[in-house]
Structure formats: C-alpha cells, structure tokens
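In what follows, a structure is listed as structure tokens, so that the remarks can point back to it.
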Amino acid sequence: MVAPYHVNGSPFGDWDGTPAGARLLQRELAKQVSLIDDFPPLRTIAGVDVGFEEGGAVTRAAAVLLDAETLQPIAEHLVRVPTSMPYIPGLLSFRELPAVLQALSGLPHAPDLVFCDGQGIAHPRRLGIAAHLGVVSGLPTIGVAKKILVGTHEELGTSRGDQVDLVYQGEVLGTVLRSKDGVRPLIVSPGHRVSLASAPLLVMTCVTRYRLPEPTRLADRLASRRAAGR
DNA sequence: GCGACAG
DNA sequence: ATCTTGTCGC
C-alpha cells in the first residue's frame, strides 16, 4: 500500500495523493504548456528556489523580484512550511510547488517572467517544476537546472555562450548552456509561454559574474540561508 | 530485470 | 537538498 501524501487543492487539482496519480496528472497538465513566446516587455523577473531545515522537516521557499534592466533585487519573500512529501525523481514539483507558490504570492506584485530551479519541459512527462509552475500560475517560466534529469547531448564547447540541444526520445527539450568559460553547463528548458530558442537567450541576459543567472542565484542564496559574496 | 534519477 | 574545513587554482 502506497502512503498518500497531503493534497492542497490548487497546484495538484484532484490528485489522489499517490505517485502513480501524480504521473497521470503531469501528463494532463503537460498538454497545457505553451512553447510560444508570450510575455510582455520584461520589467521585472523573479527567481524562486527551495531549501530545507530541520533535517528536511521544514521546507523553505524563497522568491526574489529583480529589475529586469539592472538585475538588482527589488523585493524578496521567504516562507517556511512543513515538508509534505519526500523527494522522488520526476515528482519534484509535488514536493516543492506549494511552498514556491506561497513565496511568489508574497512579492509586492507579479513578475513578467520567473526563473525556476529545476527542469522546465526537459522531463520524462514534459512537466518539470518550471513547467508545472507556469501552468498553475499562468506566468511565463524558464527552468534552470544544474544537472540533467533526462536527455543526452553532443559535446559542448568550453566558452561562455556555447550551447547544444538537449534531446530526449528524439525531441529537443532544452539547451545545455555554458554560462561562463570553463564552468559546468546549465540545463535550460522552457517552462511555459517561452520558446526553446528564447530560453537560453533570456538566461544569458541575466548572467553577470557567476555561473547561475541572477534571479536563480539570489533565490538560491536566500533559500539556502547563505550570505552574500562580494 | 538492471541502471538512472532535477532538488 | 543537506551534512561539512581546508585546499587547489585562476
């Protein structure tokens, strides 16, 4: 017997609480994902990420709002909620999305685009956390991951800006992108309302002197309770 | 059946 | 993700 996890209502619809039910729901929600660029001129961009405390008992979700022009933080919001589900590869959004949505709603206003830590459509059922977040929030989203979940790719150049397609089941689902000379590449994939071609361009637009784009880096820092680094 | 496996 | 100090390299 599989132990059912707590259901909230909003991000999971009528999920039955089982991993099998979660996978079915992902296939349904994936049909609502749009890979066509559909976002306003970028004025603000948000970065969201999750961290844990108390040995995993408490989930910390952080949302940071940045000025799209200067990449400087405008506002940030942090929430702490009891962890409701264990980490299961492929079902990350069911563990982190509730907290992420709360963190996002705590910002002074909705962003024009959201950078999410993890995969967009580069997922077994085309619904990584960034795509899931996009569908349930209606916001344009991009997934920026540090590792590949699924898919393969050709050799990648070693210079900043070099990129190659991430292919899975004969389909291009994302981009393996070298954000800085010599660093491990980022795995970028559209979440919602962003095209495969635009995603890496938008990410590079937010990269300054670090491997991670600013929205992701700042949210990551806040969620992991770390300090700044001048 | 055997490995792989975002955070 | 998290547990954790110093250390190697640009």
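Both backbone and side-chain heavy atoms feed into the values below; hydrogens, waters and symmetry mates do not. In what follows, every chain begins at residue 1, and chains take the letters A, B, ... in the order their sequences are listed.
- By the 4.5 Å heavy-atom criterion applied to side chains, A:L166 and A:I187 are counted as neighbours.
- When rounded to the nearest whole Å, the span between CG of A:L166 and P of B:dC5 equals 13 Å.
- Cation-pi geometry between A:R217 and A:Y210 is met: under 6.0 angstrom from the ring centre, within 45 degrees of the axis.
- The nearest whole Å value for the distance from the CZ atom in A:R60 to the P atom in B:dG7 is 18 Å.
- When the P atom of C:dA1 is taken as reference, atom CG of A:L91 falls 18 Å away, rounded to whole Å.
- A:Y168 has its ring centre no less than 6.0 Å from the ring centre of A:H123.
- Here A:L186 lies out of heavy-atom contact (under 4.0 Å) with every strand.
- With rounding to whole Å, A:R95 atom CZ is found 11 Å from C:dT2 atom C1'.
- For B:dA4, neither phosphate oxygen OP1 nor OP2 lies less than 4.0 angstrom from any side-chain nitrogen or oxygen of A:K147.
- For the pair A:E53 CD and B:dG7 C1', the interatomic distance rounds to 16 Å; values are reported in whole Å.
- As judged by a 4.0 angstrom heavy-atom cut-off over every strand, A:G90 is placed among the base-contacting residues.
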Could you summarise the pairing of DNA chain B as dot-bracket text, marking Watson-Crick and G-U pairs under 3.5 Å with ( ) or [ ] inside the strand and | across strands?
.......

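- The CG atom of A:D162 sits 12.5 Å away from the OG1 atom of A:T175 when rounded to the nearest 0.5 Å.
- Rounded to an integer number of Å, the gap from CD of A:E96 to C1' of B:dA6 is 9 Å.
- A heavy-atom distance below 4.5 Å is found between the side chains of A:L202 and A:F39.
- Summarising the geometry, the separation between CZ on A:R221 and P on B:dG7 is reported as 19 Å, rounded to the nearest angstrom.
- We find that CG of A:L149 is positioned 6 Å from P of B:dA6, with the value rounded to whole Å.
- Residue A:Y87 and nucleotide B:dG7 are classified as a stacked aromatic pair, their ring centres being separated by less than 5.5 Å at an interplanar angle below 30°.
- We find that A:D117 and A:K146 are joined by a salt bridge, their nearest charged nitrogen and carboxylate oxygen being less than 4.0 Å apart.
- A:G51 comes within 4.0 angstrom of the backbone, heavy atoms only, and of no base.
- Using a 4.0 Å heavy-atom distance criterion, A:I148 is classed as a sugar-phosphate-only contact.
- Under 4.0 Å is where a charged nitrogen must lie from a carboxylate oxygen, and between A:R225 and A:E53 at least one such pair does.
- Note on A:F52: only backbone sugar-phosphate atoms sit closer than 4.0 angstrom, heavy atoms only; bases stay farther off.
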